Amino acid sequence: MKSDTLLVSAGRAHGNAVPVNPPVVRASTFLFDSLAAFQAAGKTPFDGPFYGRVGTPTTFAFEDAICALEAGHRSIATASGLAAISATLMAFAETGAHILVVDTVYEPVRRFCNRTLKRMGVETTYYDPTLGAGIADLIRPETTLIYLESPGSGTFEVQDLQAIVAAAKARGVATAIDATWATPLLLKPLALGIDVSIHAATKYIVGHSDGMLGVITTNAAVHDRVRAASQDLGSCAGVEECNLALRGLRTLGVRLERQGATALALAEWLETLPQVARVLHPALPSFPGHALWKRDFTGAAGLFSVELSDRTDGAAARFIDSLKHFSVGFSWGGFESLVLPMHPESRSLGLWSDLGPVIRLQIGLEDLEDLKADLAQALAK
Ligand SMILES: *Cc1c(COP(=O)(O)O)cnc(C)c1O
C-alpha cells in the first residue's frame, strides 16, 4: 500500500460499525471483571487497555498508525516531541557512557545533554553534520548512541545517513534520528537501518498548531529499552492530542505536497534576489547536501531558511516586522506561515560558520503569489 492510501485508514479499528476516525477515549482506570483478568492484562500492559498512562484505545490507534507508516516494530506516543527525544536518550544513558549528537540538533536537546545527561555522568560529543563516514573516528568503546537529525534544525544540513548507519553497525552502536522535518512520509529511517525514529507530532502530524505530541518508533532490537525509559519518565501522550494527530494524518499527504511545492517555488525565487545571500533548502541543487537529500528522501517539507545579505543591526527585525502573512511564533508544520530568526552562531561546527542573519520560514497553505509579494515588499525594506 502506498502512503497516501495508508494515511486514510491507518489506526482504524476493524469490524462492523467502527467509527471512521478513532474517537477520544479518556480513562485513567479500566475495569476488569475478575482479579485473574486484571492480572492477565498486566502481563502485557502495552497490548491493550490496562492503565491510562500506558494508553487508551485512542493512544494505541495513533501508535499503530505511525508504526504502519514507519514500517517499524512498535511506536510509543509521548507528551511532546522533546519527551520522545529525552526518553530515547535516557534509554541509552548510563554512568560513564558516551553519546554522539549532531551539532545542528534541535536546541533543547543540547540543553538536555549538557544539563541532565551530564549530571548523570554521560558525556556528549557534538559532531559535524557533514562528517559522514568520519563518524567512525569519534566512536569510543563506551559510545552507546549516535543521535542524528536531518536536515539539521534551522540550517538544514543533510547528513549522510547511510554512511553513519554503516559505521554504527560496524561498532555495535545504536542510532536514533529526529525525522520531524520529513514526517513519516518523506523518509523511512527504519528501512535505512536506523534503530529509532522520532517525530515531534506537534509539527506536521497534528498539523494545525493546536496540540503538543511526540512519537517514537523503534525496531525490535531496541524496543524494550526505549519503552522502559519512556515508561519510567511517565510523560504519556494526551488522548485528545492523539485524536487530533490521527485527524491530522488523514490530510498530511496533501498538506505536505502543497506546502512543500509552495516552499520550493519561493526558495527558487528567493535565490535569485540580491537581498538574499543564501537559501538553505535541501531540494535546491545549489545546496551542499542536495545529493544526499535526493538519495534518501522522497520529497521536501515546507520549512527552510534564508540568509539575508544585509548583516547590519536591525535588518533582520525590519524584514520580519514588515511581513504581513508570516506571523512570529515557535513551532511549524501547521497550515499558517510563520517566520523566526535562527541563531546558528551558538554552534561551532557545520558548513555555516560564517552565516549572517538566518531567518526560518514555515510555509503554510496560503496562495503562492500572496506570499511572494509579501516577502518581496518586506525584503525591499
Ligand atoms: C519542535 C521540535 C521538536 C520538539 O517538539 P515539541 O513537541 O515542541 O517538544 C523536536 N525536534 C524538532 C526538529 C523540532 O522542530
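All ligand and atom numbering here is 1-based and tracks the order in the structure. Since we're looking at a predicted model, the values are computed, not measured.
- Between the Thr155 side chain and the Glu157 main chain, no donor and acceptor come within less than 3.5 Å of each other.
- Aromatic rings from Phe335 and His208 are positioned such that their centres are separated by under 6.0 Å.
- Using the six-membered ring where Trp is involved, Trp332 and Tyr204 have ring planes that are perpendicular, over 60° apart on the 30 and 60° scheme.
- Here Ala65 pairs with Ala10, Leu246, Leu249 under the side-chain contact (heavy atoms from CB on, under 4.5 Å) rule; sequence neighbours left out.
- With sequence neighbours left out, Arg295 forms a side-chain contact (heavy atoms from CB on, under 4.5 Å) with Asp160, Gln162, Leu292.
- Note on residues 228-248: pairs passing salt bridge (Lys or Arg N to Asp or Glu O under 4.0 Å), not counting sequence neighbours, are Arg26-Glu240.
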Under 3.5 Å: N or O atoms of ligand 1 paired with protein N or O:
residue: ligand 1; atom: 7 (O); partner: Gly81; partner atom: N; Å: 2.8
residue: ligand 1; atom: 7 (O); partner: Thr202; partner atom: OG1; Å: 2.6
residue: ligand 1; atom: 9 (O); partner: Gly81; partner atom: N; Å: 3.2
residue: ligand 1; atom: 9 (O); partner: Leu82; partner atom: N; Å: 2.8
residue: ligand 1; atom: 11 (N); partner: Asp178; partner atom: OD2; Å: 2.5
residue: ligand 1; atom: 15 (O); partner: Lys203; partner atom: NZ; Å: 2.6
residue: ligand 1; atom: 15 (O); partner: Trp332; partner atom: NE1; Å: 3.1

